[in-house]
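Sequence lines set the chain letters: A, B, ... in the order given, protein chains first and strands last, and positions in each chain run from 1. Everything numeric here is computed off the predicted structure, so don't read it as measured data.
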Amino acid sequence: MIPAGGWDTETTGVDLFHDCRPFMVSRNTGADDPLLWEWDVDPLTRAVEIPDGDLAEIEENLEECSETVFQNAKFDIRALVSAGLEWKQDWFGRVHDTLLMGHLLASGEPHDLTTMALRYLRIDIKPYEDALQQAVTECRRLVRNKEFIEKYGEWRIAKKNDPGLPSARGDEKLWKWDMWLPRAVAKATKLSPAHTYWTVCRDYHLVDSGVTLPLGQLQIEILQDRGLFALYQLRRRLIEIIYKMEKRGVTYNRKRLKELRAEYVEQAAHSEKVCLALSGGKLASLPKSGTSKAMREVLFSDFKLVPLKYSDKTGEPSVDKTTLEAWMAELPEQSKPGVFVKNLRGKRQRDTAVSYMDGYERAGLEILQATLGDAVRWSDIIVLHPSLNPTGTATLRFSSSNPNEQNISKQEGFNLRYCFGPAPGREWWSLDYENLELRIPAYEAGEAAMIELFEHPDRGPYYGSYHLLVFDILHPEKFAKYGADCKKVFKSTWYQWTKNGNFAVQYGAQEESGTADTAYHVKGAQHRIKERFTAISELSKQTIAFAARNGYVNTMIDREMGAYPLQVKRDAWGKIKPTVPLSYHVQGTAMWCMCRAMVRAQEYIASLPNHFTVMQVHDELVFDFPRSKLPGGNLPKILKLKSLMEESGNDIGIPLKVDYAYHPNNWAKTEDVPAVAV
DNA sequence: CGATGTAGCACC
DNA sequence: AAACGGTGCTACATCG
């Protein structure tokens with residue numbers, strides 16, 4: 001028998017870089033009784049008390065396993081390390097992950113252990129979870145009792161605004177953070193040994209870890225049967241990569257953030273004042289988000305603005321950014337409604353930026369000397385450890401949370417990337433695929449005009465710009481007059497609208513719906529564009545037909561590993577939405593390329609001390625390197641990474657191009673690489 | 001008071 | 001019937 005282990009941990013929450021720690025660990029061999037380590041949690045501090053020798057014992061057991069199976073390995077490894085365990089580099093190669101396998105086998109279905117155990121093993125572990133939830137909820141109520149507090153003190157159960165638990169939000173299912181509680185209650189109140197509070201968490205935990213191993217073994221077999229194992233082997237490598245990205249984290253400058261925050265707060269307050277004055281006393285304040293009744297009254301009754309769309313759910317007229325921007329384009333700038341709308345839009349943007357910054361401050365940690373191997377502690381350099389989930393979407397995109405690193409604003413005037421950047425002694429480089437999701441269907445379908453564009457970015461009149469090409473189709477007179485300057489001349493009008501429409505089309509807008517035409521501000525625009533790009537239209541048709549027959553689409557075939565199947569969601573009538581198949585196919589293929597790139601990049605930078613990948617924003621990777629002695633001196637490494645990323649194109653037979661940017665100062669600012677470096 | 005849903009905004 | 005793909009976070013409204 002292979003010495004294998006199904007492993008699982010329970011923790012006091014997800015913030016393992018902050019105050020959360022594991023309090024229960026188990027190894028299941030499939031044959032003997034499971035090994036369990038269960039530790040007391042101090043109810044006043046949430047600190048976990050680990051007896052001497054336990055970690056060493058766990059390490060021995062991990063060492064003994066030639067293969068390990070986890071559900072979301074990255075999390076459990078981080079939990080163990082946060083407790084003080086020394087995770088050995090070569091253990092990564094032994095790790096299997098039922099979460100990754102679950103996504104590969106059924107991308108569109110839930111991948112939680114309960115669902116998968118039922119589906120693959122016909123084992124229902126839900127009752128154990130329900131029993132635990134009930135016990136924890138009871139205990140959370142109990143320890144908040146006045147009498148209980150008088151007798152046992154104020155217990156630190158999970159709630160929002162606890163600085164050590166920045167990811168604990170009001171809407172979160174916080175009972176999951178207090179699974180240690182029933183046993184702590186049993187202990188403190190000296191319940192009889194037969195009471196379920198002693199064991200309810202352990203029972204739940206043991207069925208969890210009990211199914212992990214057989215589930216993993218079965219999934220491996222199915223992957224092999226379906227010819228998907230090579231894909232899985234590549235995806236497995238992401239575990240170590242993401243683990244290391246998260247560990248290193250993302251640095252920002254607190255001073256810059258605070259300056260920017262103060263500026264936005266002031267501007268938002270000013271905008272609010274302007275709006276209140278224009279409301280003629282009808283508004284006492286502006287809602288911080290959404291639209292109040294009073295505000296709708298002002299906009300639609302007093303200003304007589306025309307609604308452009310209505311909420312699907314409530315039927316109320318929308319006052320969202322598309323609507324505000326459309327109004328702004330129509331209204332005279334000096335008019336009452338014009339000024340109101342502009343200030344409302346500006347206030348909302350600044351409120352959003354401020355709320356993001358508050359989120360960063362809540363999650364941010366001061367860098368300890370050990371983190372950067374430097375003798376200084378910089379109080380202004382803060383590090384975030386956003387979580388990346390490679391199975392977080394129905395395609396192959398990652399999701400990111402706590403905080404989200406993938407939605408950091410880069411808009412003019414709201415560029416929060418200005419706050420982010422390298423710590424002293426470091427420098428950032430970002431590498432992004434050029435037009436990744438346009439290139440894929442263009443080359444796959446053989447769309448000649450687009451291929452020509454991508455092959456010759458130096459040639460006029462479009463200079464590689466797809467938006468300009470479409471602009472010319474829609475506005476030939478303007479383009480004839482201004483050429484590439486249309487980008488500037490019609491920056492916030494026709495050119496911006498062309499971009500908006502292009503994105504709508506790229507993401508699957510159907511001609512019949514008129515969605516793209518609205519975005520383009522040109523009637524019949526999508527039809528005219530379609531007539532020019534018939535090859536992609538044909539590819540879309542084929543992809544829809546395939547999805548209708550099979551219920552999934554494939555990513556483009558990787559020469560070595562095959563294609564990743566992506567289940568296509570269905571509408572309420574069980575039919576394929578026509579907007580989905582090509583979108584998934586392209587998005588999935590793009591992200592398969594990124595996955596390949598991350599693996600190759602990691603293989604390379606692993607040999608370079610203190611070089612890190614720190615962010616992935618779908619088609620962009622950000623690297624954090626030691627600052628070179630000569631400005632730009634790291635360029636050769638970056639060129640190597642660029643070619644490694646472009647190699648993904650060879651895997652699928654499409655030429656890909658990667659651009660790079662040098663950020664010695666901050667993420668918003670790209671600096672020229674001095675010629676001497678080249 | 002907590003849970004749930006909605007609107008709105010940020011990213012690609 | 002609907003027709004723009006994939007996300008996360010905050011504030012607000014509503015309901016039990």
Side-chain angles (χ1 to χ4, degrees), chain A residues 107 137 140-141 144 159-160 167 169-175 286-293 311-314 316-324 344-345 347-360 362-363 386-389 392-411 414-417 432-433 435-438 500-516 518-519 526 544 553 566 568-569 571-588 590-591 594 615-620:
Chain A
S107 59
T137 310
R140 276 171 62 87
R141 207 169 294 139
R144 272 181 288 200
K159 57 181 180 195
K160 69 170 180 183
S167 308
R169 280 178 286 271
D171 60 339
E172 202 87 10
K173 291 173 167 57
L174 282 184
W175 72 266
L286 289 182
K288 270 212 151 194
S289 81
T291 309
S292 60
K293 275 185 188 166
S311 161
D312 291 338
K313 313 261 168 158
T314 64
E316 292 289 335
S318 300
V319 188
D320 59 7
K321 86 169 184 176
T322 329
T323 305
L324 293 181
L344 174 59
R345 167 94 177 109
K347 184 201 176 270
R348 281 182 178 171
Q349 286 182 293
R350 288 175 179 86
D351 284 348
T352 302
V354 168
S355 84
Y356 283 10
M357 288 191 260
D358 290 344
Y360 304 144
R362 198 170 60 237
S387 173
L388 279 175
N389 179 359
T393 72
T395 68
L396 286 174
R397 283 200 173 182
F398 295 5
S399 63
S400 167
S401 59
N402 298 324
N404 185 347
E405 77 186 20
Q406 295 178 324
N407 70 349
I408 301 170
S409 176
K410 58 181 214 172
Q411 283 177 57
F414 304 92
N415 198 334
L416 294 197
R417 295 184 181 197
D432 67 300
Y433 285 103
N435 291 320
L436 183 56
E437 292 193 6
L438 283 174
N500 294 351
N502 283 345
F503 286 122
V505 173
Q506 184 179 324
Y507 293 140
Q510 298 293 291
E511 188 185 330
E512 298 75 13
S513 73
T515 309
T518 307
Q526 190 171 7
I544 291 169
V553 296
L566 294 169
V568 171
K569 65 175 183 196
D571 64 17
W573 289 264
K575 287 208 167 155
I576 302 291
K577 290 173 70 182
T579 50
V580 165
L582 186 64
S583 178
Y584 277 31
H585 171 70
V586 171
Q587 196 177 106
M591 288 307 297
M594 175 53 91
M615 275 192 276
Q616 189 253 53
V617 192
H618 311 307
D619 62 1
E620 173 182 10

Measure from [atom1] on [X] to [atom2] on [N] and round the result to the nearest Å.
X	N	atom1	atom2	value
A/Lys159	B/dA3	NZ	P	14 Å
A/Tyr584	C/dT7	OH	C1'	11 Å
A/Gln616	B/dC12	CD	C1'	10 Å
A/Phe398	C/dT7	CZ	C1'	13 Å
A/Gln406	C/dG5	CD	P	19 Å
A/Asp358	B/dC9	CG	P	18 Å
A/Glu620	B/dC11	CD	P	12 Å
A/Leu582	C/dG5	CG	P	13 Å

Between A/Asp320 and A/Thr323, a side-chain donor and acceptor under 3.5 Å: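 Looking only at side-chain atoms, A/Thr323 and A/Asp320 do form a donor-acceptor pair, the distance falling under 3.5 Å.
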Least distance between heavy atoms, A/Ala516 atom then A/Val505 atom: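 Nearest heavy atoms, A/Ala516 then A/Val505: CB-CG2, 3.8 Å.
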So what does [X] touch, heavy atoms closer than 4.0 Å: a base, only the sugar-phosphate, or nothing?
X	answer
A/Phe503	nothing
A/Lys347	nothing
A/Glu512	nothing
A/Ala394	sugar-phosphate
A/Arg417	sugar-phosphate
A/Pro287	nothing
A/Arg345	sugar-phosphate
A/Thr515	base
A/Arg362	sugar-phosphate
A/Glu405	nothing
A/Asn404	sugar-phosphate
A/Val319	sugar-phosphate
A/Ser292	nothing
A/Asn402	sugar-phosphate

Can you identify which nucleotide, out of [options], has its nearest atom closest to the [X] side chain?
X	options	value
A/Gln510	B/dC11, B/dG8, C/dC4	C/dC4
A/Thr352	B/dC11, C/dA3, B/dC9	B/dC9
A/Ser399	C/dT7, B/dG8, B/dA10	C/dT7

side-chain contact (heavy atoms from CB on, under 4.5 Å) partner of A/Tyr356, the single match among A/Asp351, A/Asn404, A/Ile408, A/Leu416: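 With A/Tyr356 as partner, A/Asp351, A/Asn404, A/Ile408, A/Leu416 yield a single side-chain contact (heavy atoms from CB on, under 4.5 Å), made by A/Leu416.
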Report yes if a side-chain nitrogen or oxygen of [X] is closer than 4.0 Å to either non-bridging phosphate oxygen (OP1 or OP2) of [N]; otherwise report no.
X	N	answer
A/Ser355	C/dC9	no
A/Lys321	B/dA10	yes
A/Thr579	C/dG5	yes
A/Gln349	B/dA10	yes
A/Ser401	C/dT7	no
A/Lys577	C/dC4	no
A/Thr291	B/dG8	yes
A/Arg348	B/dC9	yes

Most 5' of A/Gln587 and A/Lys575 on DNA chain C, judged by nearest nucleotide: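 Here A/Lys575 is the residue nearer the 5' end.
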Pairing of A/Lys410 and A/Glu620 as salt bridge, 4.0 angstrom limit: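 Between A/Glu620 and A/Lys410 there is no salt bridge, as every charged N stays at least 4.0 Å from the carboxylate O atoms.
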Between B/dA7 and C/dA2 - P atom distance, rounded Å: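 Pairwise P distance, C/dA2 against B/dA7, rounds to 16 Å.
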Distance between P atoms of C/dA1 and B/dG8 (Å, rounded):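 The answer is 27 Å between these two P atoms.
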A/Gln406 side chain to A/Gln616 backbone, donor-acceptor under 3.5 Å: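 Pair found, side chain donor or acceptor close to backbone of A/Gln616.
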Min side-chain heavy-atom separation A/Leu438-A/Asn502 under 4.5 Å: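 With C-beta onward as the side chain, the pair stays apart.
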Side chains of A/Gln587 and A/Leu566 in contact at under 4.5 Å (non-hydrogen atoms):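 SC-SC contact between A/Gln587 and A/Leu566 ruled out.
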Other residues, nucleotides, ligands: >12 heavy atoms within 6.0 Å of A/Arg141 CZ: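 At most 12 heavy atoms, drawn from other residues, nucleotides or ligands, come within 6.0 Å of this atom.
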